[in-house]
Amino acid sequence: MNATYQHITVLLEEAVDALAPRAGGRYVDGTFGRGGHSRALLGRLDPGGQLLGFDKDPQAIATGQALAAEDGRFVVVQRSFAEMGEELAARGLTGRVDGVLLDLGVSSPQLDDPERGFSFLNDGPLDMRMDPSRGVSAAEWIASAAEDEIARVFKEYGEERFARRMARAIVQRRAEKPFERTADLAAVITEANPAWEKGKNPATRAFQGLRIHVNNELGDLERGLDAALEALAVGGRLVVISFHSLEDRIVKQFMRKHAKGEADNLPRDLPIRAKAFEPRLKLLGKPQYASDAELKANPRSRSAVMRVAEKLR
Ligand SMILES: C[S@@+](CC[C@H](N)C(=O)[O-])C[C@H]1O[C@@H](n2cnc3c(N)ncnc32)[C@H](O)[C@@H]1O
């Protein structure tokens, strides 16, 4: 495990407070990372408490296993939180969990270590998988995806205006030589970007799109939220921290759907509104953001939004 790269936990106390831990309760940390939230939560549990951690990343799992070796209340599994339902069912915990935390996206070590292939700033192998032992790497996908598909990923997941030009440039270049390194891909994307945004690397958006696609981040989030709702006991808390608008929209819509009913978006005079809707979630408080002090200490907290809900039935 490489200890050179650290992760500073975002909204640490806020997220643990939002779980309203019960000393002897059962909790799930769907995104263990380097265990910042998990350790703080364990600090609030008594010897009867339990915490199950998930992460896809082998380095996160190594840290989790070290924690599990010293704290018998903690267990970690290398699995997507999208598969939380299967894991909890196998452990007889469906509907019996007091709180689920998801602190989404990538950790700082993943972004900072060039060998993981996420970075357009520091050259490394073009991989980008949180779990490099499964699925298709960014290099493999870029080598074979259709131009339209590359453009869609950059536009939809990266919100990149020049997605089409970038995709065209990639497809032209790969006919001569495949992309194997992050710096090589970043250079071609940068060259195809005609209008650089102030303070933003011209490859930022395309790289974000690629990362979200390679890791199926939005698909996992949708499945993970459904699974979390089933995992929770009545009165249990769901706490989700998002780092970009696409994630936050999914979280917001999921919580609203279960708190206010799917009919919420329909015109008010439709008869369907008359049908009794029984909410499964109650929204707790407003979305929370990092404090000024946290923003100063950790610029990565800038884009964090935390939403909290409680299971009603
Ligand atoms: C922002 S970090 C979490 C940091 C953690 N809360 C801490 O305090 O150290 C996100 C972590 O979630 C993991 N991750 C992202 N999506 C995942 C998924 N679908 N299933 C499991 N782990 C995931 C990443 O590998 C990364 O380690």
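Each ligand, and each atom within it, is numbered from 1 in the order the structure gives.
Listed by number with element, the atoms of ligand 1 under 4.0 angstrom from any heavy atom of Asp220 are 19 (N). Each of the atoms 25 (O) of ligand 1 lies under 4.0 Å from some heavy atom of Asp57. Under a 4.0 Å criterion applied to the non-hydrogen atoms of Gly30, ligand 1 contributes the atoms 21 (C), 22 (N). Using a 4.0 Å cut-off to heavy atoms of His7, the atoms of ligand 1 that qualify are 1 (C), 4 (C), 7 (C), 9 (O).
Close N/O approach between Gly36 and ligand 1 is found [any backbone or side-chain N/O within under 3.5 Å]. For a threshold of 3.5 Å applied to N or O pairs, the pair formed by Thr9 and ligand 1 contains at least one separation below that value. Looking at Gly35 next to ligand 1, an N or O pair under 3.5 Å apart turns up. Checked against a 3.5 angstrom limit, the closest N/O atoms of Phe81 and ligand 1 fall inside it. Some N or O of Gln110 is nearer than 3.5 Å to an N or O of ligand 1, by distance alone. The N/O atoms of Ser80, backbone and side chain alike, include one that comes under 3.5 Å of an N/O atom in ligand 1.
Protein heavy atom nearest atom 6 (N) of ligand 1, with residue, atom name and distance: Asp103 OD2, 2.7 Å. Summary of contacts: the protein heavy atom closest to atom 9 (O) of ligand 1 is Arg34 N, 2.9 Å. From the protein, the heavy atom lying nearest to atom 15 (C) of ligand 1 is Met130 SD, 3.2 Å. When only non-hydrogen protein atoms are considered, atom 24 (C) of ligand 1 lies nearest to Asp55 OD1, 3.4 Å.
By the 4.0 Å N-to-carboxylate-O rule, Arg79 lies too far from Asp55 to be salt-bridged with it. The residues Asp248 and Arg307 are annotated as salt-bridged, a charged nitrogen and a carboxylate oxygen being separated by less than 4.0 angstrom. A salt bridge does not link Asp17 to Arg237: none of the charged side-chain nitrogens sits closer than 4.0 Å to a carboxylate oxygen. Between Arg205 and Glu197 there is a salt bridge, since at least one side-chain N of the basic residue sits less than 4.0 Å from a carboxylate O of the acidic one.
If you look at Lys56 next to ligand 1, the close heavy atoms, those under 4.0 Å, come from the backbone and the side chain alike. If you look at Arg79 next to ligand 1, the close heavy atoms, those under 4.0 Å, all belong to the backbone. Contacts between Asp29 and ligand 1, counted as non-hydrogen atom pairs separated by less than 4.0 Å, are absent for every part of the residue. Counting heavy atoms closer than 4.0 Å to ligand 1, residue His37 contributes atoms from both its backbone and its side chain.
Side chain of Arg116 to backbone of Arg129: a donor-acceptor contact under 3.5 angstrom is found. Although no hydrogens or angles enter the test, the distance criterion places no donor-acceptor pair under 3.5 Å between the side chain of Thr63 and the main chain of Arg34. Asn215 places a side-chain N or O within 3.5 Å of a backbone atom of Met128 that can act as its donor or acceptor partner. Remark: the backbone N or O of Arg96 is paired with a side-chain donor or acceptor of Arg26 at under 3.5 angstrom. For Asp123 (side chain) and Ala183 (main-chain N/O), a donor-acceptor pair under 3.5 Å exists by modelled atom type.
The shortest separation from a heavy atom of Phe32 to ligand 1 is under 4.0 Å, placing the residue in contact. Judged by the shortest distance from any of its heavy atoms, Pro109 lies outside the 4.0 Å radius around the atoms of ligand 1. At least one heavy atom of Leu104 sits less than 4.0 Å from an atom of ligand 1.
Annotation: cation-pi geometry not satisfied between Arg165 and Phe154 (NZ/CZ under 6.0 angstrom from ring centroid, within 45° of ring axis). At least one test fails for Arg211 against the ring of Phe118: distance under 6.0 Å to the centre or angle within 45° of the axis.
In this pair, Phe207 and Phe120 present their aromatic rings perpendicular. The plane angle is above 60°, beyond the 30 to 60° band.
When the heavy-atom distances from atom 10 (C) of ligand 1 to Gly105, Gly224, Gly33 are ranked, the shortest goes to Gly105. Considering Val10, Ile241, Leu101, Thr31 only, the shortest heavy-atom separation from atom 12 (O) of ligand 1 involves Thr31.
Ala304 approaches Ile241 most closely through the heavy-atom pair CB-CG2, 4.0 Å.
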| query | Should Ser245 and Glu159 be marked as a side chain to side chain donor-acceptor pair (under 3.5 Å) after you check the CA-CA gap, both sets of side-chain angles, and the distance that decides it? | reply | CA-CA 10 Å; Ser245 55; Glu159 301 180 274; 3.2 Å; yes
